[in-house]
2 protein chains.
Amino acid sequence: MKKVKRTTIYDIAAKLGITASSVSRALNNSSQVNEKTRELIIKTADELNYKRNTLASNLRKGHSKTIGVVVPRINQNFFSNVIAGIEETTYQKGYNLIICQSGEVHDKEIQCVNTLINQHVDCIVISVSADSYDYQHLQNVLDHGIQLIQFDRVAEELETLKVINDNEQASFEAVSHLIENGYKRIALLEGPQNLNIFRQRKNGYLRALETHKVKVIDELVVENAWTKELGAEATRKLLNLPHPPDAIFASTSDFSALGVLEVANVMNIKVPSELGICGYSNEAFTEITSPSITTIDQFSVYMGKTIGNLFFQEIANVEVSVKPKIISIKPELIIRGSTKKNSSL
Amino acid sequence: MKKVKRTTIYDIAAKLGITASSVSRALNNSSQVNEKTRELIIKTADELNYKRNTLASNLRKGHSKTIGVVVPRINQNFFSNVIAGIEETTYQKGYNLIICQSGEVHDKEIQCVNTLINQHVDCIVISVSADSYDYQHLQNVLDHGIQLIQFDRVAEELETLKVINDNEQASFEAVSHLIENGYKRIALLEGPQNLNIFRQRKNGYLRALETHKVKVIDELVVENAWTKELGAEATRKLLNLPHPPDAIFASTSDFSALGVLEVANVMNIKVPSELGICGYSNEAFTEITSPSITTIDQFSVYMGKTIGNLFFQEIANVEVSVKPKIISIKPELIIRGSTKKNSSL
DNA sequence: ATAAAAATTGCAATCGATTGCGTAAAATAT
DNA sequence: ATATTTTACGCAATCGATTGCAATTTTTAT
């Protein structure tokens, strides 16, 4: 790839015997440049195949028109949907997205954040990784005067903008639904409790049991079962208990729920009559398993759009917003075959 | 968000009574700065919470250490996997990714590319949108001296680096597999023929039929059936033919194949005994339908990594590479239940 | 102790675009 | 025709970091 000298506003100015100032103004639709000169400049810019150097422009202007996004995994359905949503709203306002993945590793998350600070992004959107234990790096973002929006998995103690799902409520509704459908011994597969979302889901589970006066049975609550494999393993143990559960709420993910379903199939336990299953996230596949899996839709693309809009709202009125804003999106319980205890499929 | 004055190398220099030059050199591990001064500088930089302004640095150095990626949809499995792969290899070399989605719209694709040129990215990685009809914008990338890597869906006539799947061969193997399993009337659901990948898949289909001396039946080839809905619609028509097919190769996607399967279920046609089905992409759900769907794995994450590595290889030896390089990845046929005509599930 | 070589540091220009301020030219008012 | 206001454009500094070259200091050799 040969080195190419790109045309600058100086080249245009030189060709026209004017100053770069005028070229710059013309290209920025400033009113203080003659209409004819402007046309001439634009025409010449076009001829010379001029492309503005955003780096220089941003350096001068002191912002980058860029938003940094940090997620655990880009290629996880939920996250890629959120990113798609963010992109949609921000692109049309001329903002670019820089995407990083932390791979669920705290140190890499810090690195990502630092890179984004170096890039002088105008905003950092983040969903923290599972093993995050402190939030100094996020505080640092704020200290650098960069807007910070946390979503889904958030550090609650930090006063930032947040866009979250009402996990507690969704979880409450899911478990209530199970109870109302006649399930009596409901197990919970829970995720890492250092993440707020999993704590909330557990709380929703507990509240539902309490509300319906169902006793909590400790041995039916399984920690860290948030992959398909871990879900399957947990299920094997649960179903081999002297008093096995008659329903499993895989609060961690649909993948975990899928693991449950597969084990049930192998063990020849009928779903939903002998075992109810509820997942979380509304992954595409939950619709096509047999039976299809009851789950919770998080409106991920919408969440992304909300994040984008929130950002623009914030930069629109700089001083007005004092208190940290939290936008909570209500997820929706999608009832499917895997929890219809009393009816046929 | 209050405006914060960020510390620069000048602040550090001032505090230490030295020049910004030395600070810069110290921070870049230049050998021409005294070890003690360096330590002092680094310590002070740390104290002042200094973060390099990458914009300024890049402007001066004439590159951005940034790679632009343009895909039709970020939240499509294949693409988000490729992106994840690219990110993995490029991140560790200090490169950032700017992601854009064209939404399958040619004009937006052009806009995206222009934005990336403005950003002075060092490389643009692109998979063209379905309705792309000309490639002036890609030529423009080259004209600006920006490295261009096309992947998957590529404009063949452009001499650029390409990372592709051997679609023709994969398709050939899939159809051969169907024939060898006793299917005789094999329908093809094809995608937009302006995209190379769909042309190649069709060619593979035709070559397989020819090789096995099976006649091509025009009415079994259906155009533009590349969503679940279109796949379903096409299937209804096909299965209502006087001489319906006994197998359908949904060369466009697994979603299309899923549409086929659902229609077959509704019409009470047994898969795989009465109808064989083969999809494309190895989406997660193909494993868990019943029967599970035979499909083709494209090694998408690996593809992303390959793209990243190719880029670094290229910038390593600038002059050596003259001819356009094409890396072809061989996809793998994953045989599952939906094509086992003669055996039980 | 002196000359030569090497190691440090400073100076000033540069990357490309933007913008406040000043001035010349054109348009309008008196 | 002269005074005043507008409009259009140029000058020069600025954003923050980098780097070739020059200048100074330190080290090594003689």
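A note on names: the letters A, B, ... follow the listed sequences, proteins ahead of strands, and every chain is numbered from 1.
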Whole-Å gap separating C1' (dG16(C)) and NE2 (His120(B)): 8 Å
Given atom CD1 of Ile9(A) and atom C1' of dT14(D), what is their separation to the nearest angstrom? 13 Å
Please confirm whether Lys108(B) makes a cation-pi placement over Tyr91(A), using NZ or CZ under 6.0 Å from the six-membered ring centre and within 45° of the ring normal. yes
Would you kindly say whether Arg52(A) and Asn114(B) are connected by a side-chain donor-acceptor distance under 3.5 Å? no
Could you give the CG-to-P distance, from Leu55(A) to dT18(C), as a whole number of Å? 12 Å
In whole angstrom, give the distance that lies between atom CG of Asn53(A) and atom P of dC15(D). 18 Å
Whether Thr19(A) side chain and Ser21(A) backbone form a donor-acceptor pair below 3.5 Å: no
Assign a letter to each nucleotide of nucleotides 5-10 of chain D from its 5' end: B, base within under 4.0 Å of a protein heavy atom; S, sugar-phosphate only; -, no contact. ---SBB
Between C1' of dA17(C) and NZ of Lys65(A), the distance in whole Å: 15 Å
Is it true that Arg38(B) and Glu35(B) make a salt bridge, defined as a side-chain N closer than 4.0 Å to a carboxylate O? yes
Measure from the side-chain heavy atoms of Leu59(A) and tell me the nearest of dT19(C), dC15(D), dC15(C). dC15(D)
Report yes or no: is the cationic atom of Lys93(B) (NZ for Lys, CZ for Arg) under 6.0 Å from the centre of the six-membered ring of Phe311(B), at an angle within 45° of the ring normal? no
Identify which nucleotide among dT18(C), dT18(D), dG16(C) has an atom closest to any side-chain atom of Ser24(B), counting heavy atoms from C-beta outward. dT18(D)
Answer yes or no: is there a donor N or O on one side and an acceptor on the other, between the side chain of Ser102(A) and the main chain of Ser129(A), under 3.5 Å? no
Report yes if at least one side-chain N or O of Arg52(A) is closer than 4.0 Å to OP1 or OP2 of dT18(C); otherwise report no. yes
For Asn58(A) and dT19(C), give me the distance from atom CG to atom P, rounded to whole Å. 11 Å
Distance flag, aromatic centroids of His137(B) and His106(B), threshold under 6.0 Å: yes
Write down the distance between NZ (Lys61(B)) and P (dT18(D)), rounded to a whole number of angstrom. 6 Å
Whole angstroms only, please: what is the CG-P distance between Leu27(B) and dG16(D)? 15 Å
Is Tyr10(B) close enough to dT18(D) that one of its side-chain N or O atoms is under 4.0 Å from OP1 or OP2 there? no
